[in-house]
Amino acid sequence: MPEGPSIVILKELIEKFEGKKIREAFGNAKIDISRLAGQKIIAFRSWGKQFFICFKDFSIRIHFLLFGSYSLDEQIKPDRSLRLALIFSKGSIYFYTCSVKIPEDDLDTMLDWKADVMSDDWDPARARKKLKAMPDTLVCDALLDQQIFSGVGNIIKNEVLFRIRVHPETRVGDLPPRKLGDMIREARQYSFDFLEWKKNYVLKKNWLAHTKKTCVRCSIPLIKKYCGKTARRTSFCTNCQVKY
DNA sequence: TGCCATGTTAAACT
DNA sequence: GAGTTTAACATGGC
């Protein structure tokens, strides 16, 4: 569920509730749920893996972490921890096992919208600038940095590095400028491919490296290693992916 | 059945 | 205090 493209899918599915008034709200989220009833939803916004329900004077931030889920217009699913339910005169939204918060700060001051790889405001030059400032960081960690590539998760990381044929333990500063450009471009491009595949339920089928045992290019076994400071699972080919 | 995973935060350390 | 490591959270798929 949690990578950026999945949140974009949620945003599209939920759009019909924009401008609608909440009739009833409940759940075990640790926020003041009583203030929600009667509120009109001004907009839904997404920033990377974060999803925002915006009202006139405040907003709710939903983060699905690893196990979060949601359902629309359904009965509440049993045996799942219901964090927040929003009931409308026509339809409903249920959020399960996710983080629910009401941020103190204004979203536009809190978030760099140009860092969201799925956004129309995505700014690759800005990403490059941020990367230039951290030459010692490994590329596998850099791709997961939400301040640079908001929305990129572990799947996208693995697939991008395989696509651009770069070893995950390459230092950012050691990447040739062209490869750095490739990484920034593919972080966005793969996210959109992810979006289309996910919509068509063929995401897994299109994985080239993530969870794979052998290289689709040269057939040798892929390395599975928990790379970098983030120590997330990384699959890569020591033959096809160059360490600069 | 047990292990592991599309993630982040906060506490506990050095 | 900084930077780090560890624990916690919680569900479903293989």
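Reminder, nothing fancy here: chain letters follow the sequence lines and each chain counts from 1. These numbers were taken from a predicted model, which means no experiment stands behind them.
Remark: the backbone N or O of A/R233 is paired with a side-chain donor or acceptor of A/N158 at under 3.5 angstrom.
Ring planes of A/W197 and A/Y190: perpendicular class, angle over 60° (limits at 30 and 60°).
Rounded to whole Å, the distance from CG on A/L82 to C1' on C/dT11 is 15 Å. In this structure, A/K157 atom NZ and B/dA5 atom P are separated by 11 Å, rounded to whole Å. Rounded to whole Å, atom C1' of B/dA5 lies 17 Å from atom CZ of A/F64. Atom CG in A/L66 sits about 5 Å away from atom C1' in B/dG7, given to the nearest Å. In this entry the distance linking CG of A/N158 with C1' of B/dA5 reads 12 Å, nearest Å. In this structure, the CG atom of A/N154 is 9 Å from the C1' atom of B/dA5, given to the nearest Å. Distance CZ (A/R232) to P (B/dT8): 8 Å, rounded to an integer number of Å. Across the protein-nucleic acid pair, A/F149 atom CZ and B/dT8 atom P stand 15 Å apart, rounded to whole Å.
Distances shorter than 4.0 Å separate none of the side-chain N or O atoms of A/H63 from OP1 or OP2 on B/dG7. Here A/K30 does not reach the OP1 or OP2 of C/dC9: none of its side-chain N or O atoms lies under 4.0 Å away. OP1 or OP2 of B/dT8 lies within a sub-4.0 Å distance of a side-chain N or O belonging to A/K49. Within the structure, every side-chain polar atom (N or O) of A/Y96 is placed at least 4.0 Å from both OP1 and OP2 of C/dG12. Contact annotation: A/R233 does not reach the phosphate of B/dC4 (side-chain N/O to OP1 or OP2, under 4.0 Å).
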>> Once pairs are restricted to Watson-Crick or G-U wobble with both distances under 3.5 Å, how does DNA chain B read as a dot-bracket string, [ ] for crossings and | for other-strand pairs?
In response: .||||.||||||||

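A donor-acceptor contact closer than 3.5 angstrom is absent between the side chains of A/Y94 and A/S69. Counted by atom type alone, A/T234 and A/K224 present zero donor-acceptor pairs between their side chains at under 3.5 Å.
Comparing B/dG7, C/dC14, C/dT4 against the side chain of A/P2 picks out B/dG7 as the nearest. Side chain of A/S81, nearest nucleotide from C/dT11, B/dC4, B/dG7: C/dT11. Across B/dA5, B/dT8, C/dT11, the shortest atom-to-atom separation from the side chain of A/T97 is found for C/dT11.
Contacts of A/H63 classified as ring pair (Phe, Tyr, Trp, His ring centres under 6.0 Å), with partners at least two apart in sequence or in another chain: none.
Figure legend: cation-pi geometry between A/R83 and A/Y70 absent, as NZ or CZ is not positioned both under 6.0 Å from the six-membered ring centre and within 45° of its axis. Figure legend: A/R35 and A/F58 shown as a cation-pi pair, the cationic atom lying under 6.0 angstrom from the six-membered ring centre and within 45 degrees of its axis.
Taking atom C1' in both C/dT6 and B/dT6, the straight-line distance is 22 Å, to the nearest Å. A distance of about 16 Å separates the P atoms of C/dA7 and B/dC4, rounded to the whole Å.
Summarising the hydrophobic clusters (Ile, Leu, Val, Met, Phe, Trp, Tyr; side-chain heavy atoms under 4.5 Å, direct or chained), the residues clustered with A/W47 are A/F52, A/L107, A/M110, A/L111, A/W113.
DNA chain C is contacted by both A/K204 and A/K229; A/K229 maps to the nucleotide lying nearer its 5′ end (nearest heavy atom per residue).
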